[in-house]
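Just so you know, residue 1 is the first one in the sequence shown, and it goes up from there. Computed from a prediction, not measured in an experiment: that's the story for all the values here.
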Amino acid sequence: MKVFKFSKTVVGRGGRKVKGESMATAAVEEQELDPSLPACVNLISAILAMEPSDLVISHARACGGGSITESVQKFIWDHCLSTPDDSFGKRDTRVCKRISYIFPDGCSELQSKQHSRALVFTLQCSLNMLEGDTGCSIWPSSLFLSELILSHPKLFSNKSCFEIGSGVGLVGLCLAHVKASKVILSDGDLSTLANMKFNLELNHLNIETDMPQGSEDPSMVKCMHLPWESTSESQLQDIVPDVVLGADVIYDPVCLPHLVRVLAILLNRTKSDSCKPENGDACDESVGRCKVVYNGVADGKSKEAPVAYIAYVIRNIETFDYFLSLAKQANLNIMDLSDSLKPLNLLRYMQSFNQSHQQNHGSIRCEIDMNLDSILSIRSEMVGSEIVEVIHSWSAPRSLSTSTMYSFAQRDDIEVLDEPLYANFLRVTGLDRPYRKELLSKMESDGNKVVNDIIFGPGRKKYRYCKHIAKQRVQGLTNDLMKKGKHFILIRNPLDILPSFGKVVAPSFFELGLAELVCIYNELRELGQSPPVIDAADLQQNPEATLRGLCDDLEIPFQPTMLSWEAGPKSIDGLWAPWWYESIHKSTGFNQAKRYPQTFPFSLYDLLEQSLPLYNMLRRHVKKKQSSLLSPPLPLPDLPVPTNEKILVWVGDEIVPRDSAKVSVFDSVVQGGDSVWEGLRVYNGKIFKLEGHLDRMFDSAKALAFENVPTRDEIKDAIFKTLIRNGMFDNSHIRLSLTRGKKVTSGMSPAFNLYGCTLIVLAEWKPPVYDNTRGIVLVTASTRRNSPNSLDSKIHHNNLLNNILAKIEGNNAKVDDAIMLDKDGYVSETNATNIFIVKKGRVSTPHADYCLPGITRATIMDLVVKEDLILEERRISLSEVHTADEMWTSGTMGELSPVVKVDGRRIGDGEIGPVTKRLQDAYKNLTQQSDDIF
């Protein structure tokens, strides 16, 4: 704070020196000034508020009877400058002012006056109102609004008050002073918000960033960041004010649509919207139970609609008229209260804010003095009426989007907009169309105005349907477009879109817009609004079922009128209709798709390759897919391990998501089951017996004369990368496949395989597939195991039809697996595992002539020897199995699985035997010792 030294000769207004005082003032100098005198109060207030120096001198002279006497100078030093509190000096580029509200005599009945004649607030603020830190300036309209609050406290006390554009926080301080039940201040600038919080704390108010509902503490004030242009209705859903306030917010034409939108959201909401009582009782917002009504009214009468008080200065009449037009569109009722609601002149010492010059105003237009403050009352005309709910349809061109729009237009509760963002799209992108000039001249091209004033503007019906083409969602559009309303995605196969696409616009990846459609879907999912996806093919095949499902998803009732419409142009058509809608104008409903499609133009083959995966990506989210091969559609099955819904798979030379893990229809595994495979299990970051499995895979590939086989290191690298990408370090299983590869044309001959082998690493979360605690049950199959005379079982190939037939028999018998016999009737293996039996302490397993010599089988045979048990590898008859003391199966998938019943006969006593349990423990210990670490 600047300190001025006063003397007998002081500098007056305009630099004029003031001579020494006359003898007539000597008596005044000798008397000590009373600080309660009006002139002294004005002097103190002007100095604390940092009023201009000439005004301070004027007040000083008034105290000294026309001169600045010694007693006046002493009074200034004692009461204005000599203070131990240095907190009111400069802070960075800001200063601290004290704003004093001086109540005139006869105002003792005012609640705001309380016990003192002067009410003083300390404010850190900026001195520059023209540039830079302007949000921290003390604006005249804010002073005017604060006077209004203190002059008419009954309008605000015991009410929930919300201020937009709170600046230094002065209005909030006054609201807290008159005991508003809740005070919420807001600003769109974070620096201003921080300064506002500082001022609240400086004046001993508590700041609550997440204030509980129903707070009645007048010293509790909530501050929130509220940039108008990006504020969504959901951000304001918990704010249900009785009074909305704003000071000097009608100044920037760019901001006005956002301001009016925020006002409309706040004023269209009553407390009953967020807390609806049952049985007609009143509602207590703080606890969500029915107890008392708001504002202390307990007679059951309906609550008065919220009101906004806006103090303003008209700088430009065109801007003000624009505000009035926007308010009218938003159904806001505006009244000028400048005459009927005048505040007291509580800041009469301020030259920078002199209310004494206010005039009476008869209207809110040109008659208002363009330099003076006035007050508007704004109420919503929409309170109690239906608010339009917007339904957004997003699609690529030529996707039956216009037919769907016509369908919704037949409803009696909906109004329709045909591509409202089209003009903005052409303006932003600069793209040419035959109708570009006419469209830009007749249609609003400011995208955010379209969103705020047209898409989300007031309407006559309950719903508004907006047909959007995905590519028209360009940068710069407000986030409200996606956050508000209900959305659905309409897709169509590019095979059906592209043949007719080029009639007006040359086909391209951008013009098709499928990439943007995928982005829209993903963005809505991230917002927690997973949109329903419908396929145009389903609309054509079964329009009623598809529309009923869509209406259910949108939570609106289906209307049968949606199934048909009259032929010809419609009043809802965009002006581009003559170029695009010729065929749809001939329709009266969703036409059945032709049985045979038209020939695809192969000049667009590359575009089809780019776009088809995007269509398929979205098609996976269609709830009910219609199919000409499977009708009705099969329900989506539950996965044995739900976590495996989202896994990454190595195919060829890349890692892809589960639903994209596919091989070519020309691959040998598709053409003839021409592939070899291995099963691997992961324990605690180690792959058990990896080298042994790879040895067998290479032997099998060599036996089948595979060429261009990947190296061992390449295969191991693919395995390790897949496991690491999936984070699978334990309790997981790998199905490792190596096909002969893709063919250049369909056919049996390996001579067609000219691309090299295809490697597949399918890793899944998979615990052992059998119940190794209680045991499993088997049955003997009639299907015999292949003989080496036909196909050697030592080749671990993918052609498993022999095993699958046996497994079908096991499934039909409702048992775990099926035993397969060799051509001579001896036991070979099950359809999936090797077999061991125990009789009188001797462990036996069949020869590997007809069965696969399994890696797990060999491991257990080694363990039998290490455990000092007798091991026999020999022919085993079926009766030996039936009469065994113990039995188990072995394999990577199930490890060592006890068998408790075969063909209805108990094995042993029907429990897990001691030898089985002993070897289970030995096998478990061995899995922890693998050295194949990744």
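Nearest heavy atoms, L417 versus I455: CD1-CA, 4.2 Å. What you find for M196 and C223 is that their closest heavy atoms are SD-SG, 4.0 Å. Taking all atoms of both residues into account, the shortest heavy-atom contact from A330 to A264 is CB-CB, 4.2 Å. Here the closest non-hydrogen pair linking L266 and I239 is CD2-CG2, 4.0 Å. Considering every non-hydrogen atom in both A176 and V221, the closest pair reads CB-CG2, 4.5 Å. Between P253 and T319, the shortest heavy-atom contact is CG-OG1, 3.6 Å.
With respect to the salt-bridge test (charged N to carboxylate O, under 4.0 angstrom), the residues D413 and K461 do not qualify. Between K570 and D418, none of the side-chain N atoms (NZ, or NE/NH1/NH2) sits under 4.0 Å from a carboxylate O, so this pair counts as no salt bridge.
By the 30° and 60° cut-offs, the orientation of the rings of Y406 relative to Y581 is perpendicular. A parallel orientation is assigned to the rings of H487 and H392, their planes being inclined by less than 30° (bins at 30° and 60°). Using cut-offs of 30° and 60° on the angle between ring planes, the pair F590 and W565 is perpendicular.
Interatomic distance, CZ of F456 versus CG of L481, reported as 6.0 Å (0.5 Å rounding). A distance of 9.5 Å separates CH2 of W394 from CD1 of I469, quoted to the nearest 0.5 Å. In this structure, NZ in K328 is found 11.0 Å from CD1 in I334, a value given to the nearest 0.5 Å. To the nearest 0.5 angstrom, H621 atom NE2 is 13.0 Å from K623 atom NZ. Rounded to the nearest 0.5 Å, atoms CD1 (I184) and CG (D238) are 9.5 Å apart. To the nearest 0.5 Å, atoms CG (D321) and CG (L326) are separated by 11.0 Å.
With a 4.5 Å cut-off on side-chain heavy atoms, K467 and V416 do not count as touching. In this structure, the side chains of D248 and F144 stay at 4.5 Å or more apart for every pair of heavy atoms. By the 4.5 Å heavy-atom criterion applied to side chains, E511 and L431 are counted as neighbours. Side-chain atoms of T546 and P543, non-hydrogen and from C-beta on, never get closer than 4.5 Å to each other. At least one side-chain heavy atom of Y322 sits less than 4.5 Å from a side-chain heavy atom of P257. Between P306 and K159 the shortest side-chain heavy-atom distance does not fall below 4.5 Å. Counting only heavy atoms from C-beta outward, the side chains of S395 and H468 never approach each other to under 4.5 Å. Contact annotation: the side chain of M562 approaches that of C551 to within less than 4.5 Å [non-hydrogen atoms, C-beta and beyond].
Of the possible polar contacts, none joining the S407 side chain to the M405 backbone as a donor-acceptor pair under 3.5 Å is found. A side-chain donor-acceptor contact under 3.5 Å links S166 to the backbone of S186. A distance-only check finds no donor-acceptor pair linking the side chain of T192 to the backbone of G167 [under 3.5 Å]. S441 contributes a side-chain N or O that, together with a main-chain N or O of E438, makes up a donor-acceptor pair within less than 3.5 Å. The closest donor-acceptor contact from the side chain of R492 to the backbone of R398 lies under 3.5 Å. Judged by distance alone, the side chain of R261 and the main-chain N or O of T231 form a donor-acceptor pair under 3.5 Å. Between the side chain of N448 and the backbone N or O of T478, at least one donor-acceptor pair lies under 3.5 Å.
Remark: of the listed residues I454, D446, D453, I454 is the sole one forming a side chain to side chain contact (heavy atoms under 4.5 Å, CB included) with V450. When the options Y422, W579, W576 are evaluated for a side chain to side chain donor-acceptor pair (under 3.5 Å) with Y435, the one that passes is Y422. With respect to E389, the salt bridge (charged side-chain N to carboxylate O under 4.0 Å, His left out) criterion is satisfied by exactly one of R464, K462, K486, K484: K486. Of the listed residues (Y465, F558, Y463), just one forms a ring-ring contact (aromatic ring centres under 6.0 Å, His included) with F408, and that residue is Y465.
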| query | Please walk me through it: do I520 and M482 pass side chain to side chain contact (heavy atoms under 4.5 Å, CB included)? | reply | CA-CA 8 Å; I520 289 171; M482 306 305 293; 3.6 Å; yes

| query | Stepwise, does the side chain to side chain contact (heavy atoms under 4.5 Å, CB included) test hold for I149 with L245? | reply | CA-CA 10 Å; I149 295 168; L245 302 104; 4.0 Å; yes

| task | Could you walk me through whether L155 and V307 pass side chain to side chain contact (heavy atoms under 4.5 Å, CB included), step by step? | result | CA-CA 10 Å; L155 293 175; V307 61; over 6 Å; no

| message | Between D553 and I534, does the side chain to side chain contact (heavy atoms under 4.5 Å, CB included) criterion hold? Intermediate values first, please. | response | CA-CA 11 Å; D553 290 334; I534 61 171; 5.9 Å; no

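Side chains of N424 and R427: a donor on one and an acceptor on the other come within 3.5 Å.
For CD of E582, the number of neighbouring non-hydrogen atoms (other residues, nucleotides, ligands) closer than 6.0 Å is 12 at most.
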